[in-house]
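Below is one structure, written out as structure tokens, with a few remarks after it.
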Protein chains: 2
Amino acid sequence: MSYKDKKVITIGVVSELTGLTDRKIRYYEEKKLIFPERTAGGSRKYSFSDVELLMKIADKMEDGIQTREIRQELVKEQNRATKEELRKKMLQGQINAHFGFRKP
Amino acid sequence: MSYKDKKVITIGVVSELTGLTDRKIRYYEEKKLIFPERTAGGSRKYSFSDVELLMKIADKMEDGIQTREIRQELVKEQNRATKEELRKKMLQGQINAHFGFRKP
DNA sequence: CGTGTAAGGAATTCTGACACG
DNA sequence: CGTGTAAGGAATTCTGACACG
């Protein structure tokens, strides 16, 4: 996993980076749009990917789209990505079945 | 600037990532080995690059190298990098002087 | 529905200092 | 020199709730 996906940024910094209030950021979590991790003490930790996603969410909110709809879009995207990954794995499986493994 | 160099990680998370105590991390700053930014409220913010550097520092400390020496090494590295960059810029300047600029 | 806010508490971070070796 | 620690204070974050629209 790259730095982009490591959850290390606290909500205050995320707020600075995105321009969103803490309240909004927590609300979008409540609505299942974003999924931070937690420190031992319970503080939220976000990744740069999360920050990017929050900015996309902010754009859609400005367009008057409801969190419910945004959530559905995100789930669809996620499903597409998952399928894509599966396809790749199955293809690799075919390749391995036909050619087997070799020592370098 | 890439995500790797954005200063966004608070000291607690850096501590988790590096295994170093807060005390050590702050001490290495005092000794000019590391240069975090600050939030408006005064909390330190580090980048992933800083985290990597701290791990290198930790290794050298384990080898019994003093902060003074580590600092000198870091300054040398920095100088090397700066010179490298300068060379590139001057070369590009030569190229531009000889061939001029063109519209695509 | 989306967001601001005051409330009270807990976790986080900061600095300067003393201790030890 | 490098690091732990107790001290006191300030900044940060958390949750649940009330308010408004």
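What you are looking at is a predicted structure, and each value in this text was computed from that prediction instead of being measured. Both backbone and side-chain heavy atoms feed into the values below; hydrogens, waters and symmetry mates do not. Naming convention: chains lettered A, B, ... in sequence-line order (proteins, then strands); numbering from 1 in each chain.
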- [ ] To the nearest Å, give me how far apart CD (B:E16) and C1' (C:dT13) are.
- [x] 14 Å
- [ ] With sequence neighbours left out, write down each residue that passes ring-ring contact (aromatic ring centres under 6.0 Å, His included) with B:Y46, or none if nothing qualifies.
- [x] none
Open item on the list: Nearest whole Å is fine: how far is D:dT3 P from B:Q66 CD?
Closed with: 11 Å
Open item on the list: Please determine whether a side-chain nitrogen or oxygen atom of A:T39 lies at a distance below 4.0 Å from atom OP1 or OP2 of C:dA11.
Closed with: no
Open item on the list: How many whole angstroms separate atom NZ of B:K31 from atom C1' of D:dG2?
Closed with: 9 Å
Open item on the list: Can you tell me if A:Y27 touches the phosphate of C:dG4, counting only side-chain N or O atoms and a distance under 4.0 Å to OP1 or OP2?
Closed with: no
Task: Distance below 4.0 Å between A:T10 side-chain N/O and C:dT12 OP1 or OP2 - done: no
Open item on the list: I need the CD1-C1' distance between B:I11 and C:dT12, as an integer number of Å.
Closed with: 10 Å
Task: Distance, rounded to the nearest Å, where B:E29 contributes CD and D:dG2 contributes C1' - done: 16 Å
Task: Whole-Å distance separating the CE atom of A:M61 from the P atom of C:dT3 - done: 4 Å
TODO: Side chain of B:R26 only, please: which of C:dT12, D:dT12, C:dT15 is the nearest?
DONE: C:dT15
Task: Integer-rounded Å distance: C:dC20 P and B:R23 CZ - done: 15 Å
Open item on the list: Taking only side-chain N and O atoms of A:R38, does any of them lie within less than 4.0 angstrom of OP1 or OP2 on C:dT12?
Closed with: no
- [ ] Would you check if there is a donor-acceptor pair between the side chains of A:T82 and A:N79 at a distance under 3.5 Å?
- [x] no
Open item on the list: Can you confirm whether B:T21 sits close enough to B:S15 that some side-chain heavy atom of one is under 4.5 Å from a side-chain heavy atom of the other?
Closed with: no
TODO: List in numerical order all residues of residues 42-51 of chain A for which some heavy atom is under 4.0 Å away from an atom belonging to DNA chain C.
DONE: none
Open item on the list: Using the rule given for salt bridge (charged side-chain N to carboxylate O under 4.0 Å, His left out), can you reason through A:E73 versus A:K76, listing the C-alpha separation, both sets of side-chain angles and the distance that settles it, and then say yes or no?
Closed with: CA-CA 5 Å; A:E73 290 175 25; A:K76 281 180 191 167; over 6 Å; no
Open item on the list: Could you tell me how far apart A:L54 (CG) and C:dT3 (P) are, to the nearest whole angstrom?
Closed with: 12 Å
Task: Structure string for DNA chain D in dot-bracket form, Watson-Crick and G-U at under 3.5 Å, | interchain - done: .||||.||.|.|.||.||||.
